[in-house]
A.B. asks: 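Structure provided below as structure tokens; questions to follow.
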Amino acid sequence: MTLDLFDDPPRAAREAISAGAFVLPGFALPFAEELLPAVRALEERAPFRHMLTPGGFTMSVALTNCGALGWTSDRRGYRYSPTDPVTGEPWPAMPDSFTRLAREAASAAGFEGFAPDACLVNCYEPGARLSLHQDKDERDHGAPIVSVSLGMPAVFLFGGLARTDKTVRIPLRHGDVVVWGGQDRLRYHGVLPLKDQPHPAFGSVRVNLTFRKAG
Ligand code: MD3
Ligand code: FE
């Protein structure tokens, strides 16, 4: 573990959760100033919406996308699509600040040359949660996934390759980045219901950027 001496209290610069999963505490903080306006501009063109699961439930997390491909869900299933079903337009391009952050974070975790083509943006209000699931709709399971937490803190659940495997809880704060690759890419994971702990800039929301190579 490498200590970041500029942090007060000091936190590890990079913490391994398992062989292919790393938390980079505060890695996104130097980008935060650019990220909030970029999210605002994105939601103007592709608003956050609550999608329907194939089972007929409305997700408590609202989401949108940017990049060449966007993740969508409806009664017919989950898939990646080049267009936003709400507007009929292509998803907005991935802002440069997003692409740079994802690439640098992947590299800091040992995955060189990460070039995401999809950024799923999740928006959590108090009480919203994400139940245990696997991310397996992407074609390239060899590429890592980079997740950036902004706004209110959350507790992330990190499980195993079977839904019933025990989970560990990982608290994530504004600016934390998590990178998953290798075998850990297909682990079950989720987010506990969010508590209302307003963030000075984001208010009572948590925004999570998830970068993937989907196509
Ligand atoms: C762990 N989002 O959008 S970060 C999702 O905080 C999603 O909004 C969560 O799970 C969030 O699908 C968690 C992203 C994440 C993505 C893939 C993973 C975590 C992962 C794959 C394996 C283990
Ligand atoms: Fe996921």
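Hydrogens, waters and symmetry mates play no part in the numbers below; they use all other heavy atoms, side chains included. Indexing begins at 1, ligand by ligand and atom by atom, following the structure's order.
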A.B. asks: Among all the protein's non-hydrogen atoms, which is closest to atom 16 (C) of ligand 1, and how far away is it?
C.D. replies: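 Protein heavy atom at minimum distance: Asp135 OD2, 3.3 Å.
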
A.B. asks: For atom 4 (S) of ligand 1, state which one of Cys123, Ser147, Pro144 supplies the nearest heavy atom.
C.D. replies: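 Looking at heavy atoms only, the winner is Ser147.
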
A.B. asks: Would you be so kind as to tabulate the donor-acceptor pairs closer than 3.5 Å made by side chains of residues 89-97, with sequence neighbours excluded?
C.D. replies:
residue : atom : partner : partner atom : Å
Trp91   : NE1  : Ser81   : O            : 2.9
Trp91   : NE1  : Thr83   : O            : 3.4

A.B. asks: Can you confirm, on distance only, whether ligand 1 has an N/O atom lying under 3.5 Å from any N/O atom belonging to Trp180?
C.D. replies: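 N/O-N/O distance under 3.5 Å: no.
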
A.B. asks: Name the closest protein heavy atom to atom 11 (C) of ligand 1, giving the residue it belongs to and the distance to 0.1 Å.
C.D. replies: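 I find the closest protein heavy atom is Tyr124 OH, 3.0 Å.
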
A.B. asks: So does Gly159 get a backbone contact from the side chain of Asp165, meaning a donor-acceptor N/O pair under 3.5 Å?
C.D. replies: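 No.
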
A.B. asks: As a test of understanding, state which of Val39, Leu42, Asn122, Val205 forms a side-chain contact (heavy atoms from CB on, under 4.5 Å) with Phe48.
C.D. replies: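 Exactly one option meets the side-chain contact (heavy atoms from CB on, under 4.5 Å) with Phe48, and it is Val39.
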
A.B. asks: Based purely on interatomic distance, does Arg185 place a nitrogen or oxygen under 3.5 Å from a nitrogen or oxygen of ligand 1?
C.D. replies: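 It does not: no N or O of Arg185 is found under 3.5 Å from an N or O of ligand 1.
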
A.B. asks: For atom 18 (C) of ligand 1, what is the nearest protein heavy atom, given as residue, atom name and distance?
C.D. replies: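 The answer is His189 CE1, 3.3 Å.
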
A.B. asks: Are any of the N or O atoms of His133 closer than 3.5 Å to those of ligand 1?
C.D. replies: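 Yes, there is a polar N/O contact under 3.5 Å.
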
A.B. asks: Among all the protein's non-hydrogen atoms, which is closest to atom 7 (C) of ligand 1, and how far away is it?
C.D. replies: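 For this ligand atom, the closest protein heavy atom is Leu130 CD2, 3.4 Å.
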
A.B. asks: Using distance alone, with no hydrogens and no angle criterion, decide if Asp74 and Thr72 have a side-chain donor and acceptor under 3.5 Å apart.
C.D. replies: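 No, no side-chain donor-acceptor pair sits under 3.5 Å.
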
A.B. asks: Relative to the heavy atoms of Val191, which atoms of ligand 1 are at a distance of less than 4.0 Å?
C.D. replies: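 In order of numbering, the contacting atoms are 6 (O), 9 (C), 11 (C).
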
A.B. asks: Just which atoms of ligand 1 are under 4.0 Å from any heavy atom in Asp184?
C.D. replies: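 Those qualifying, in numeric order: 22 (C), 23 (C).
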
A.B. asks: What do you reckon, does Arg212 put a non-hydrogen atom under 4.0 Å from ligand 1?
C.D. replies: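 So Arg212 counts as touching ligand 1.
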
A.B. asks: Tell me, which protein residue and heavy-atom name are nearest atom 6 (O) of ligand 1, and how many Å apart are they?
C.D. replies: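 Going atom by atom, the protein heavy atom closest to atom 6 (O) of ligand 1 ends up being Arg206 NH1, 2.9 Å.
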
A.B. asks: Any heavy atom of Phe156 closer to ligand 1 than 4.0 angstrom?
C.D. replies: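 For ligand 1, residue contact (heavy atoms, under 4.0 Å) with Phe156 is present.
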
A.B. asks: Give a rough value, rounded to 10 degrees, for the angle at the Fe ion (ligand 2) between atoms NE2 of His189 and OD1 of Asp135.
C.D. replies: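 About 90°, to the nearest ten degrees.
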
A.B. asks: Between Asp84 and Asn65, does the side-chain contact (heavy atoms from CB on, under 4.5 Å) criterion hold? Intermediate values first, please.
C.D. replies: CA-CA 8 Å; Asp84 178 346; Asn65 293 275; over 6 Å; no

A.B. asks: Consider every N or O of Asn122 and every N or O of ligand 1, then say whether any pair is closer than 3.5 Å.
C.D. replies: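 Such a contact does occur with ligand 1.
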
A.B. asks: What part of Leu120 sits under 4.0 Å from ligand 1 if we count only heavy atoms: the side chain, the backbone, both or neither?
C.D. replies: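 The answer is the side chain.
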
A.B. asks: Just jot down the side chain to side chain contact (heavy atoms under 4.5 Å, CB included) partners of Ala143, sequence neighbours excluded, or say none.
C.D. replies: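 Listed in chain order: Phe114, Asp140, Lys213.
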
